[in-house]
Structures are given as structure tokens and as C-alpha cells.
Amino acid sequence: MSDNSLKNLPGGFKGMSQDMGSDQTAFKGVQWGKVMMWIFLLSDTFIFSCFLISYMKGRTSTVVDWPNTSEVFSLHVNGVAVPLLLIAIMTFVLITSSGTMALAVKYGYEKNRKMCGWLILATAIGGLTFVGMQAFEWSKLIHEGVRPWENPFGAKQFGSFFFMITGFHGTHVSIGVIFLFIYSRKVFRGDFDKGKRGFFTSMKSDYVAIEILGLYWHFVDLVWVFIFAFFYLW
Amino acid sequence: MSDEYNQKNTPIKAQSSEITSSSSGSSKDIDYVRPAELPEQDLYHGHSFITKWIFCQDAKVIGVQYFLTAVFTGIVGLVLSWLMRLQLGFPELVPFITAEHYYQFVTMHGMIMVVYFLTALFLGGFGNYLIPLMVGARDMVFPYVNMVSFWMFFIAVCVLMASFFVPGGPTGAGWTLYPPQAILPGTPGSNMGIILMLVSLSLFVIGFTMGGLNYLITILQARTRGMTLMRMPLTIWGIFTATALAMLAFPALLVSCIMMTLDKMLGTSFFMPTIVQAGEVLSYGGGSPVLFQHLFWFFGHPEVYIVALPAFGIVSDLISVHARKNIFGYRMMVWAIVGIGALSFFVWAHHMYVSGMNPWFGFFFATTTLIIAVPTALKVYNWIITLFRANIRMNTVMLFCLGFIVTFVNGGITGIFLGNVAVDIPLSDTYFVIAHFHMVMGIAPLMVIMGAVYHWFPLVTGRMLSEKLGKWHFWFTFLGAYSIYFPMHYLGFIGVPRRYFEMYDSPYVTSAIGMNEFITVAALIVGFSQLIFIYNIVVSLSIGKPAGKNPWKANSLEWLTPEVPPAHGNWGEKLPVIHRWPYDFNVPGAKEDYITQTTPPSEVISAEVEKT
Amino acid sequence: MDEIENKETVASTHKIGIYLWIWGLLFVLSFFSYMVDWFQFQGLLRWTLILIFMFLKAGLIMAFFMHLFWERYALVNVLLWPMTAIACFIGLMVAEAKYTVFTRLLYFFIGG
Ligand code: HEM
Ligand SMILES: [Cu+2]
């Protein structure tokens, strides 16, 4: 199949026009599932963009003061308020889990079942920690009187956007965690080596599934980068 | 894909090309097509009634399911429009139509027609049926997800219909659902009605995303050998671009639905400013209603093209087949579709000229709006040039195509009026806008749908529809629809506002009364004349003339399956191999007036075909 | 060029070093963006720094963790061009938000 070997195809824009002009596939060598995840993520990017744009519009156009996030989200350590401490830790946890996921994908392709499985499990635990800390943060704010419909520190919209955006992101993380646990089990069981058929779809399993899951997980991290910048640092 | 992978998963060997290309001697060079990159698709074949017809994973069955569900909601929408027209033509004739009910009918009619009827019909119905067939795939790439997509849509429709029966009835906020009024007491259905609407829309978006991923990836990654993007029928280009738009536009709708649901149920103030109602200050405050409008139209304008682009594509194919001529400027048509699609994300606020948005936006959006008219006009020219001196078959399909061109040009021109801020401000929110969008996205796409049904019915059922009834149906629909919407331009000019329950004794009413009555009568006639169509379909199913293979002598792949109607897996043993575009009609030097896409060059040596 | 397809040539996945490097960089960048708040930079400087670190982090994640750097241009372009619509949306909404707050101040406080 020398004709199809990716190595012989030109790269860059020349390659792009050739790929687009060719028959059968436009993205050479990219599996269906992977394209699906990418396009889904593109669509999801639009969802998060719309949320963040709405947030920007809401925040800019209220005439009531926006609370100072670095105070609201500070934690007291030995009686000293450390700004954004929890958020910083959450960011580090999420990035750590992104790193383990990236390695899991690598080991998956190398058919290193053990490493792959453990790394996915580590990722899942990182994700779980993140969700836990988010729950803590929510309860802290709720305790302080912040609600979706009101906010003692200033503009009402602060509470609304905070719970909505972090909630939507948190839902993504939680879904990811569930899938990570499922997939680590599948990896340990060796489904991807044997090409076991899926329970629902009755299609064969393949290690590319790990990469697809990885794409999703990195995306969740990616969104957090933007939320961190726009919601907490602004 | 690796060879190893290939062999593991390939029940039927897909490497036939290597055999042909090495063994077919002299014709080797000109008939050569690259070998298959991907292994054969692994399909799940249903065994029981349930897996074959209900939870079916065959895109063709799913397409028909989508089609029937969409048509059902469309009929509900049609009946609602009669009720509205009765009130407008003969105010207070029907006591049951109160102002509240009128608004509920307006809202549900609009939303049903735009989202649950046209979008679902074109993308879910035609998309599912035609994409795998036209690109030469065995099925959609993720048949299971595709099946779930339909059932999501089905649930969305059920939720929507349920809102007719909840306390307070369906929402009456207008199909644009503008807050604050959509969720404030005083608007019909401002409790359960609006919530069900928002839930239903969200479900629709989720379901559509599943389907849309299938359509896009099937077109991008599962074409058969030889099928380049520039050899795809324009139908596929239209559906493809529309789906891409949908994947990027529906997020804005989903976000606005979520935010409005929260405003309603949790009392957040995303869209709700400080409001004094009946002397009482509500707990809302500080939100931005115009934000909703931006989100809505960031979805809403692409949405109108989600409906228009598949219609553009399908009509191009119908015209080409029934005029026995290649489509004029195929590449230009493709780029126009893609260009319109891309531009449609930059024009949304032309729906908001009177909303109180930043006044400078008028310049930007008027400019982009008028730019989008250029590729649109190109397409119209190309259709007309295709017809010019063609060998036209004046059958029902062609009549509907001609009807489409006329109504679309009409609506496009009024669009240019509305695109200019100064002209739009007096015309906005009048019947002129109603006339514009019904011409351009109501009648025109409907003409295409009907033409497409006459065209593809033989493929789906194996029988022809009756031409005689078809012509009656066309003339009733075309003339009737024109007499409904053409006078509305005039109503708009004299200032009759849209979404008014009754005009009572306003001065311009006197000249509008007769016209309103006329429109109502026409609307009822057009509506009932659709019974001819339904009768035609039902009767032809059992006693229609058997169609045989390729009754229209078309070139595109869907007509070239081994079985007609096509079976699950579409192509029998071997996938087709494509050598040309689907528009080789009346090629000089060819024996017949059409050369199918699968005909290899060696069989038509002397024909001066277009190089594609 | 593309590690996924050539499953027989297992070794063609990327070296572990590159992942560790990117991982480290992400930590450093996150730390920097946290420092922006720590030192309470304000105004234009704050915004510039926030955006620079944000885009760098996003870029690294997409390019290396999500392998976009190694994908063919067809996929990369299809994924990135739609962002122009979002960019336009953002730009216009900034203008709109400023206008909204302007009219609010004008009518509510100064009195219209
Ligand atoms: C030639 C290109 C077009 C231009 C310049 C154009 C322009 C406009 C403008 C400026 C409006 C807003 C009118 C107002 O509310 O005051 C409008 C409304 C509308 N247009 Fe178009 N349009 C074009 C084509 C289309 C197409 C192809 C469709 C659908 C297939 C369409 C569907 C609609 C709909 C549904 C509305 C009304 C939405 C509502 O307010 O409920 N238009 N058009
Ligand atoms: Cu528009």
C-alpha cells in the first residue's frame, strides 16, 4: 500500500490541497472516531465560547461592581488570605492529569497495556480530585451567601455566571472521569488488544479509542485554561 | 490504515483495484483509480422487526423515519397556520382563537417549521438517505449514533408536542423567544410552555449533533474510490455545508436555551434587566436582553442557510438531470455554497437593526449582508444558464425547480431591501418581512422538497408517482403560495405589523381587509391541495408504475445500486468505483445522453467529457 | 509524521521527552499566570500577560498533547478557521457591551 503511506505524502499547504483534492478521505490516516471527536470538540468550543462571550458581555455591561475574584476565591492559610490558592491548585491538578493522559496515549500506541492502564487510572483520579475541589469551592461560596440569583459581594451576574460556567465545565470533567474509569478497566482487561466488540455499538475496540478519550480530556483542560484566565484572573 | 489492520477486519476484500489496475491491460492507465485506503465497513445487520425497522441502524431507514416524523410536525405547523390565517382574514370568526392562542400558534408554527420540519427534513431525512448512497459508502460511519440521533429528535418532538397539553399551553413568545417577555407572566405559556420549548430545543441540538457528526464524517472520510470532493453531487455539497453550519451555530442556541432556562427556573438574571411589573419590582436585575438576541441570531442566521443550502444543492441536481445538461459552473456553485456558509456567520445582526444595539453595527452588518447576496445571485444565474437551451423535460420535478427559482429570486430581492438599515427600519416587523422569509425559506425550500420527493420516490419505493396528479399539485401549490405571500409585500408597505392578533379599527386596515380575506382563502386552498400530494404518495405506493432501475437516466450513484430500492449495505459485493462527476449529460460523442459516474473512461473513449 | 497509523512500526510514537518538556512548560506557565494575580499587576500589563500565558498554554496543549502539531494541515485548517467566527463575535460583543453600559449610565444616572 505504498500509494497510501502517509510518509510519502507532501506536507504543509501543498499536502492540504492534495488531500482535499483526493478521493476517499480528506484527512489522510485519521480514523473516523478521531475526526468525530475533533469535530465534536470544535462544536463544544463554540458552546464554551458562547458562554464566555456572554459572561464578558454580562460583566462589562452591569453597572454594579463585579466582586474582586482574587479576594472572593482566596483561602486562609494560618490566618493569612492567600489569593486564588484553591484555583491554582485545581489548575495544577488538571494539568497533571493532562500530562498523565498524554503519556497514557503514548503507551497505548506502544501496546504497553500496564502502563497505559495505570496512567489512565491516574488521570481519572486527578479528575476526581479536581471535581472534589470544585465541590469544595462551590460549597464555600454558597456558604458565604453566593447564589445563582444573588451575590452579596456585588453584581448578581457574578453568581450566575460562576455556577453556570464552572458547572458546565465540571460536568464535562465528571463525564470524562466516568469514561476514564471505564476505559482503564477496558485497558487492563485487554479489550483493545483483542478487539473486543462494544456492548452497545457492537463495533471492534482499538487503541485509537484511548487517543480519542485523550483528546476529550485535553480539551477539558484547555477550556479550564480559558476559564482560569477570564473568570479568575480578569 | 495499515495492511495488517486491513486484513484483520475485511470480510470482503476491498483491494479489488490492485487486481483491476494490474490485469486490465491496455485500459490500465486511463481507468486507474487509487486503491482503497480503508477496510470495508463493519455493519450491524438487524434481525428482528425491532432492529430492522424501529431501532434500525441503516441510514436509509433512519432517513425515512426522520422524514415521516418531520412531515408529521410539519402538518401540525400547517394546521396552526390555518388557524392564524382564519383569525387574520376573518377576525373573531372562530371564538376559540383568542389572542393568547393566536400567539401560541404563531410561536409553535414558526419554531416547528424552521427547526423541526425543514432542518430535520433536509438534513435528517434527505441527508441520511442520500449521503451514503451518493458518496458510495455502505452506511453512515457511526450507524449506532445515527440511530440514537433519530430517537433524540423523536423525543424532542414529543416534548414539543407535550407543551400543547400542559397547564398554560405552549409558549407564545414568538419563534425568536425574546426575553424578558418570553418568561414573564402575561406571555402565554410563560411557565411550563417555555420550559418545554427550551428543553425540546436542547434535545434537538444534542440529537442533531450526533447526526451531524455522522453526515460530516461520512462525506469527509468514507467516500468510495474515485469520489473526490469535486465529484460529489451538489446535493451533498449543500447538505455538507449546511451540517457544518449547524454544528457551529447550534451551540449558540443551546447556550441561549440553557441561560434562559436558568433565568426562568433559578431566577438568574442573564437576560433580565430590572423590571417593574404591575407596580412591583421583580427580583431580576442587571441582565442584558440584547445578548439573547445576539446569541439567538448568531444561531438564527446560519439556521436560515441550514435550510437554504441543502435546497440549493438538491435543486441543482434536479435541474441538471431533468434539463439533461451539466450544471453550469459546477465549481462556482460549490464555492458559492461554501462561501455563503462561511459568510453566514458574519451577518447575524441584520435581524436586529431595530433592537437598540450599538448603532455602528448597522454599517458592518449591512455590508456583510449585501456581500452574501453576491454568491447567492451567482447561483441563480447558474441555474438559469443551465436551463438555457437545455433539453428540458417539463415534468413535475422540473416544474417544482422552476417554481423554486422564481420564488427564491423574489425572496432574495426583498432580502436586499431588508439588508439596508435605512430601508429595513420602516419595514422591520411588518408583513414585508413575513413575505421575504416565506418566499425565501418557506416556499422555495418546500418547492425543492416536493420536487425531490417526486424525483427520489422511485428510488425509495421502487414506484413512480403519478405525473398527472403531480402537475395538479404543482399548480395549486405554486399559484396558491404566490397568492398568499405576494400580497403580503403590499401589506408590509402600508405598514401592517407582523405578530398582531387583530388590527381592530386602525386606519390602514380598510385597505387590508379584502386582501387578508383573500390570503386566508388561498392559504386554506393550498393547505388542502396538499391532500393531492398525500393521496398521490399513498396510492402510488401500491399501484404506481414500477420504476425499474434509474428511471430518470441520472448519473449519480444513488441510482446505480444493484437492488432498487437499495438494500442494507447499499452496494452488494463490491463498492462502486467513480470515474467522473455526476453531470455528464448530452456529452458530444457519447452514445447515450448520459454517462454514469461509474462508467470508466475506456468505455466512452470518443466522448468529449469534462475533466473532473 | 503521523504516529497513529503505522501501528506495526510501534516505535514511531513520540519520544517521552517531548511530553515531559511540554508538561513542565505548562506548569511553569500556569505558575506565571498565577503570579500575575499574586503581584496584582493591573491594567494593560495584566491583560497582556494573562492573554499571552493563556494562548501559550492553550497552544501547547493543542499542539502537543492533542497532537495537532503532527497532524496534516487539512485537519488543522478545518479546525482553526471556524475560530474566525468566534473572534468576530468576541470583537463585536466587546463593542456591544461597552455600548450597553454607556446607555445604562447615560439613562439611569445622568438621566435621559
Ligand atoms: C439575498 C440574501 C438575503 C438577505 C440580504 C436577507 C436579509 C434579511 C434581513 C435584513 C432580514 C431582517 C428583516 C427584519 O426583521 O427586519 C431578514 C429576515 C429573514 N430572513 Fe433573510 N435575507 C436573505 C436571504 C434569506 C434566506 C436564503 C433565508 C432562508 C432560507 C432567509 C430567511 C429569513 C428569515 C426566516 C427571516 C425572518 C426572521 C424573523 O424575524 O423571524 N433570508 N432577511
Ligand atoms: Cu439573516
Side-chain angles (χ1 to χ4, degrees), chain A residues 1 3-5 19-40 42-55 57-58 60-64 147-150 155-157 159-161 163-164 167-168 195 197-198 200-204 206, chain B residues 1-3 5-6 8-9 33-38 42 44 141-145 209 212-214 216-231 247-252 254-256 258-259 262-263 266-270 283-288 290-291 294-295 298 578:
Chain A
M1 226 186 223
D3 189 52
N4 289 329
S5 155
D19 289 359
M20 285 295 177
S22 84
D23 64 346
Q24 304 182 51
T25 59
F27 306 129
K28 296 294 169 201
V30 189
Q31 287 88 345
W32 291 345
K34 205 169 128 188
V35 186
M36 173 171 91
M37 184 49 86
W38 266 119
I39 296 182
F40 168 73
L42 180 63
S43 190
D44 217 9
T45 309
F46 270 57
I47 296 185
F48 278 107
S49 304
C50 289
F51 274 129
L52 287 172
I53 290 171
S54 307
Y55 152 71
K57 168 82 174 61
T60 315
S61 58
T62 64
V63 285
V64 188
R147 297 285 184 282
W149 55 90
E150 69 183 4
K156 278 176 194 292
Q157 277 72 22
S160 330
F161 279 112
F163 286 114
M164 180 177 70
F168 206 75
R197 282 184 180 273
F200 287 109
T201 58
S202 73
M203 293 299 140
K204 287 199 171 137
D206 186 89
Chain B
M1 290 277 165
S2 66
D3 294 79
Y5 183 73
N6 234 340
K8 226 176 34 204
N9 290 303
V33 176
R34 293 175 61 238
E37 287 174 31
L38 300 178
D42 202 1
Y44 173 81
V141 286
F142 309 107
Y144 184 82
V145 181
T209 306
L213 289 169
N214 260 304
L216 291 180
I217 295 157
T218 309
I219 295 171
L220 285 173
Q221 297 292 85
R223 280 166 284 138
T224 188
R225 293 171 51 213
M227 182 63 90
T228 60
L229 289 174
M230 283 294 176
R231 280 177 183 171
M247 297 300 292
L248 304 180
F250 279 135
L254 184 70
V255 167
S256 48
I258 292 176
M259 288 168 64
L262 293 176
D263 276 1
L266 287 186
T268 55
S269 304
F270 294 118
S283 63
Y284 294 118
S288 169
V290 85
L291 171 63
H294 280 297
L295 285 172
F298 188 80
I578 297 325

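Since this is a predicted model, take the numbers as computed values, not measurements. Order of the sequence lines fixes the chain letters, A, B, ..., with proteins taken first and strands second; residue numbering starts at 1 for each chain.
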What part of B:Phe250 gets within 4.5 angstrom of chain A, counting heavy atoms only: side chain, backbone, both, or neither? neither
Got A:Phe161 and B:Phe270 here, is their nearest side-chain heavy-atom distance under 4.5 Å? yes
Between B:Ala249, B:Ala252, B:Gly212, B:Ala222, which residue shows the highest count of heavy-atom pairs closer than 4.5 Å to chain A? B:Ala222
Where does B:Leu254 contact chain A at under 4.5 Å (heavy atoms): side chain, backbone, both or neither? side chain
Pairs of heavy atoms under 4.5 Å with chain B: top-ranked of A:Ser43, A:Gly58, A:Gly33: A:Ser43
Only counting residues at least two apart or in another chain, list the ones meeting salt bridge (Lys or Arg N to Asp or Glu O under 4.0 Å) with A:Asp19. C:Arg72
Can you tell me which portion of A:Val64 sits under 4.5 Å from chain B's heavy atoms? Options are side chain, backbone, both or neither. neither
Top contributor to chain B interface from A:Ser160, A:Cys50, A:Ser49 [non-hydrogen pairs under 4.5 Å]: A:Ser160
B:Leu262 portion near chain A, given a 4.5 angstrom heavy-atom threshold: side chain
Does any heavy atom of chain B fall under 4.5 Å from the side chain of A:Phe168, the backbone, both, or neither of them? side chain
Pair B:Thr268, B:Asp263: side-chain N/O donor-acceptor within cut-off below 3.5 Å: yes
Any B:Val33 side-chain heavy atom under 4.5 Å of B:Ile578 side chain: no
Select, from A:Ser54, A:Ser61, A:Gly21, A:Pro148, the one with the greatest count of heavy-atom pairs under 4.5 Å involving chain B. A:Ser54
Any side-chain heavy-atom pair from A:Phe40 and B:Leu213 closer than 4.5 angstrom? yes
Tell me, for B:Met247 versus chain A, whether the close heavy atoms (under 4.5 Å) come from the side chain, the backbone, both or neither. both
Heavy-atom donor-acceptor pair, A:Trp32 side chain to B:Phe142 backbone, under 3.5 Å: no
Find out whether B:Leu229 and B:Arg223 are in side-chain contact, i.e. whether some heavy atom of one side chain is under 4.5 Å from a heavy atom of the other. yes
Closest contact, heavy atoms only, A:Met20 versus A:Ala26: SD-CB, 4.1 Å
Could you check which of B:Arg231, B:Met230, B:His294, B:Met259 has the highest count of heavy-atom pairs closer than 4.5 Å to chain A? B:Met259
Side chain, backbone, both or neither of B:Thr209 within contact of chain A (heavy atoms, under 4.5 Å): side chain
